[in-house]
Amino acid sequence: MICTEEMRREILSRLSGYRLKHTLGCEKAARKLAKKFGEDEEKCAFAMLLHDITKEFSKEQQLNLCEKYGIIPKGVEQTEWKMLHGKTAAAIAQHEYGAPQDVVDAIAYHTTGRANMTKIEKIAYLADYIEENRDFEGVKTARKLAYRDMDKALRYCFDSSLRELIHRGKKIHSDTVEARNSLLSD
């Protein structure tokens, strides 16, 4: 077993309020997606338990973790420090909980995606996007697509996210653009 019940309890004790509710929703969605698409349920659930473990950390805490684990913020991450939570959560997953590399990568890219995502990375991204506590325009469509065709669902999610970021005048992470483009057929 990749994540013991004791580890799960300890991880969940570090979360509260909405973050706890969201994490449990992500864990549930990841298990369903893993089952549907033939991926390791335990690994997917473990990734989602840890994916937001640093989400509510301050800028100073995020930067301290970057320094501790040798994470070099790139591009948008240098000014949009909240985007660092994927990488800092991945470092904690690896160093504090002994997560295997595929789980670490799924956590690191759960917010941005990246080109040529693995199945576990796709599941982590989608589980975070579609979990049952999410309520925003387009989430119902994303949920339906996610259980039919992961790549179509990812394209839909990336397109929706990009439109929202552009609408809000936000910077766009290069990994997200590359993730979307890698899903387009030539």
Side-chain angles (χ1 to χ4, degrees), residues 1-35 41-69 71 73 76-77 79-99 103-113 120-143 146-147 153 157-158 160-161 164-165 167-171 173 176:
M1 177 174 275
I2 189 168
C3 180
T4 65
E5 189 55 39
E6 182 180 333
M7 284 171 63
R8 184 176 186 277
R9 279 194 305 274
E10 198 278 325
I11 293 165
L12 293 176
S13 75
R14 296 172 74 167
L15 305 168
S16 63
Y18 174 77
R19 190 65 42 214
L20 175 60
K21 187 176 178 180
H22 167 69
T23 296
L24 292 171
C26 288
E27 178 189 30
K28 183 177 176 182
R31 284 186 180 281
K32 284 183 182 177
L33 288 165
K35 189 172 211 151
E41 283 184 57
E42 295 303 315
K43 283 185 174 185
C44 291
F46 191 37
M48 298 322 292
L49 282 174
L50 288 161
H51 82 288
D52 274 356
I53 199 82
T54 63
K55 176 82 176 200
E56 295 179 349
F57 283 16
S58 68
K59 179 180 182 179
E60 183 179 344
Q61 289 172 306
Q62 293 286 357
L63 294 175
N64 286 341
L65 285 173
C66 286
E67 185 176 330
K68 179 179 180 176
Y69 293 116
I71 299 165
V76 176
E77 297 165 349
T79 55
E80 300 287 338
W81 60 270
K82 286 192 176 236
M83 294 190 87
L84 292 171
H85 84 275
K87 291 182 178 178
T88 56
I92 285 176
Q94 181 176 34
H95 297 284
E96 291 186 27
Y97 294 99
V103 170
V104 170
D105 290 341
I107 296 167
Y109 296 103
H110 82 271
T111 299
T112 62
I120 191 173
E121 291 169 3
K122 291 176 181 183
I123 288 170
Y125 185 94
L126 289 171
D128 185 39
Y129 198 96
I130 68 164
E131 65 93 1
E132 65 192 7
N133 299 295
R134 296 280 199 186
D135 184 23
F136 55 87
E137 187 176 330
V139 73
K140 289 179 183 176
T141 300
R143 284 184 187 121
Y147 292 104
C157 295
F158 288 137
S160 296
S161 295
E164 177 65 19
L165 289 168
H167 176 75
R168 292 176 33 213
K170 294 294 209 174
K171 292 181 179 180
H173 201 292
T176 304

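Computed from a predicted model, the values in this text were never measured in an experiment. For reference, positions follow the sequence shown, starting with 1.
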Item checked: Atom CD of E137: over 12 foreign heavy atoms under 6.0 Å ->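 Atom CD in E137 is not packed in, count stays at 12 or less.
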
Is the backbone of [Y] close enough, under 3.5 Å, to the side chain of [X] for a donor and an acceptor to pair up by distance?
X    : Y    : value
D128 : T111 : no
S161 : F158 : no
H51  : M48  : yes
Q61  : S58  : yes
H95  : I92  : no

Check: For Q62 and H85, does a side-chain donor sit closer than 3.5 Å to a side-chain acceptor?
Finding: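 No donor-acceptor contact under 3.5 Å links the two side chains.
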
With a 4.0 Å cut-off on N to O distance, would you call [X] and [Y] a salt bridge?
X    : Y   : answer
E131 : K28 : no
R14  : E96 : yes
E42  : R31 : yes

Next item on the list: For side chain to side chain contact (heavy atoms under 4.5 Å, CB included), just list the numbers for C44 and L33, CA-CA rounded to whole Å, side-chain angles, deciding distance to a tenth of an Å, and then say yes or no.
Entry: CA-CA 9 Å; C44 291; L33 288 165; over 6 Å; no

Next item on the list: Verify the ring-centre separation between Y129 and F136: is it less than 6.0 angstrom?
Entry: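 Ring centroids of F136 and Y129 are less than 6.0 Å from each other.
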
